[in-house]
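Quick note: numbers below take in every heavy atom, side chains included, and nothing from hydrogens, waters or symmetry partners.
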Amino acid sequence: MLTYYKQRFIIIKKTKDFSSVRIVQQDILSDYRGDFSKHINPSDISKVKIIWDSLPIHLSKEKHKFVYKEIKVGARAANFENALNWLINTGLVYKISRVQTAQIPLTAYQDFNNFKLYCVDIGLLNAMAEVSAKDIFDERKDILDTFKGTITEQFVCQELKSSGYIPSVFYWGRDRATAEVDFLIQYDGNVIPIEVKSDIRTQSKSLDVYIKEYAPKYALRTSLKKFGIKDNLYSIPLYLIANLKNFIS
């Protein structure tokens with residue numbers, strides 16, 4: 001199946017018929033859903049589908065946090081644990097847990113009850129949400145107002161996860177607090193906060209709160225702005241986020 005899709009994308013690249021990309025993406029999503037019934041315990045099939053289909057819904061919320069009761073009335077973590085773990089273990093979703101204490105090792109401070117779920121691929125997420133390329137590049141402010149930030153976070157998440165040198169990714173926040181940093185990583189003996197912006201506006205109160213409290217050696221902000229450094233704050237263009245180690249080494 002993988003070879004089949006590679007061949008289809010090679011043809012699209014040669015013909016530059018990029019309208020066909022969405023057709024391929026929908027076919028991939030259809031195949032995934034077909035695989036659910038082949039490889040999952042029958043009692044968990046519907047639960048996996050519910051979680052999978054809910055990804056755009058949760059990520060469209062302001063804080064993108066995954067909440068069980070929003071996928072089904074009366075849903076509890078215990079009832080969906082096997083289904084969620086199956087999606088995570090197969091690599092179809094990335095689970096990003098919250099940490100309230102930004103200290104090494106981050107894994108020791110993760111909160112298993114508060115997390116976000118991102119899709120394995122930004123193109124598939126857009127296909128699930130029925131977001132077209134035209135929608136993304138539309139300059140009207142009301143188009144994709146909140147979801148543009150979601151798409152940008154999704155991109156940064158998968159870039160970090162696929163980098164090969166970052167074992168785990170978290171986010172920082174506290175109960176009943178408004179400050180929240182999009183991503184937190186541990187690299188070269190440092191805890192590094194990463195704030196994500198979908199345009200050139202880069203003001204972030206949450207990152208300011210984090211820097212004031214923890215005084216990190218490095219803090220990163222990734223956006224559509226050019227590369228720059230001010231004190232210990234690195235501004236990295238979105239397209240270079242996967243190479244962040246080259247900037248802080």
Rounded distance [0.5 Å steps], [atom1] in [X] versus [atom2] in [Y]:
X: E195; Y: L233; atom1: CD; atom2: CG; value: 10.0 Å
X: M128; Y: Q25; atom1: CE; atom2: CD; value: 11.5 Å
X: L125; Y: Q154; atom1: CG; atom2: CD; value: 5.0 Å
X: I236; Y: L220; atom1: CD1; atom2: CG; value: 4.5 Å
X: I51; Y: F80; atom1: CD1; atom2: CZ; value: 6.0 Å
X: K65; Y: H58; atom1: NZ; atom2: NE2; value: 11.0 Å

How about [X] and [Y]: do any of their side-chain heavy atoms sit closer than 4.5 Å?
X: Y171; Y: I96; answer: yes
X: E153; Y: T150; answer: no
X: V21; Y: V24; answer: no
X: N126; Y: I151; answer: yes
X: N246; Y: N243; answer: yes
X: L160; Y: I194; answer: yes
X: Q100; Y: D111; answer: yes
X: K217; Y: V191; answer: no

After noting the C-alpha distance and the side-chain angles of L55 and W52, does the key distance pass the side-chain contact (heavy atoms from CB on, under 4.5 Å) rule?
-> CA-CA 6 Å; L55 290 180; W52 176 250; 3.9 Å; yes
Is it the case that the side chain of [X] and the backbone of [Y] share a donor-acceptor pair, with hydrogens and angles ignored and the cut-off at 3.5 Å?
X: S30; Y: Q26; result: no
X: D121; Y: L124; result: yes
X: N232; Y: P216; result: yes
X: K49; Y: R33; result: no
X: Q110; Y: T107; result: yes
X: Q186; Y: L106; result: yes

Side chain to side chain contact (heavy atoms under 4.5 Å, CB included) test vs F170 passes for just one of V181, I185, V99, namely V99
Could you pull out all residues at least two apart from Y210 that satisfy side chain to side chain donor-acceptor pair (under 3.5 Å)?
-> none
State whether [X] and [Y] are salt-bridged, where the test is any N-O pair (Lys NZ or Arg NE/NH1/NH2 against Asp/Glu carboxylate O) under 4.0 Å.
X: R76; Y: E81; answer: no
X: D188; Y: K245; answer: no
X: K116; Y: E180; answer: yes

Fit a plane to each ring of W86 and F36, take the angle between them on a 0 to 90° scale, and name the class: parallel (under 30°), tilted (30 to 60°) or perpendicular (over 60°).
-> perpendicular
Report the relative orientation of the aromatic rings in Y118 and F183; use parallel for angles under 30°, tilted for 30 to 60°, perpendicular for over 60°.
-> tilted
Quick one: do Y94 and L117 satisfy side-chain contact (heavy atoms from CB on, under 4.5 Å)? Show the steps, please.
-> CA-CA 6 Å; Y94 295 128; L117 290 182; over 6 Å; no
Give the minimum heavy-atom separation between [X] and [Y], together with the two atoms involved.
X: A242; Y: S163; value: O-CB, 4.3 Å
X: S235; Y: K225; value: OG-CB, 4.3 Å
X: F112; Y: F115; value: O-CD2, 3.5 Å
X: L29; Y: A127; value: CD1-CB, 3.8 Å
X: F155; Y: I122; value: CB-CD1, 3.7 Å
X: L184; Y: P193; value: CD1-CA, 3.5 Å

With sequence neighbours excluded, residues passing side chain to side chain contact (heavy atoms under 4.5 Å, CB included) with S37 =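 With neighbours one apart ignored, the set is I45.
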Intermediate values then yes/no, side-chain contact (heavy atoms from CB on, under 4.5 Å), L244 and L240 | CA-CA 7 Å; L244 63 88; L240 288 177; over 6 Å; no
Assess whether atom OH of Y239 is packed by more than 12 heavy atoms of other residues, nucleotides or ligands within 6.0 Å.
->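 12 or below, so no.
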Residues in ring pair (Phe, Tyr, Trp, His ring centres under 6.0 Å) contact with F227, at least two apart in sequence or another chain |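 F227 satisfies ring pair (Phe, Tyr, Trp, His ring centres under 6.0 Å) with F247 only.
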Between L238 and L224, is a side-chain contact (heavy atoms from CB on, under 4.5 Å) present by the stated rule, with each step listed?
-> CA-CA 6 Å; L238 283 164; L224 294 181; 3.8 Å; yes
Is it true that V93 and V156 fall in one hydrophobic cluster, defined by side-chain heavy atoms closer than 4.5 Å?
-> yes
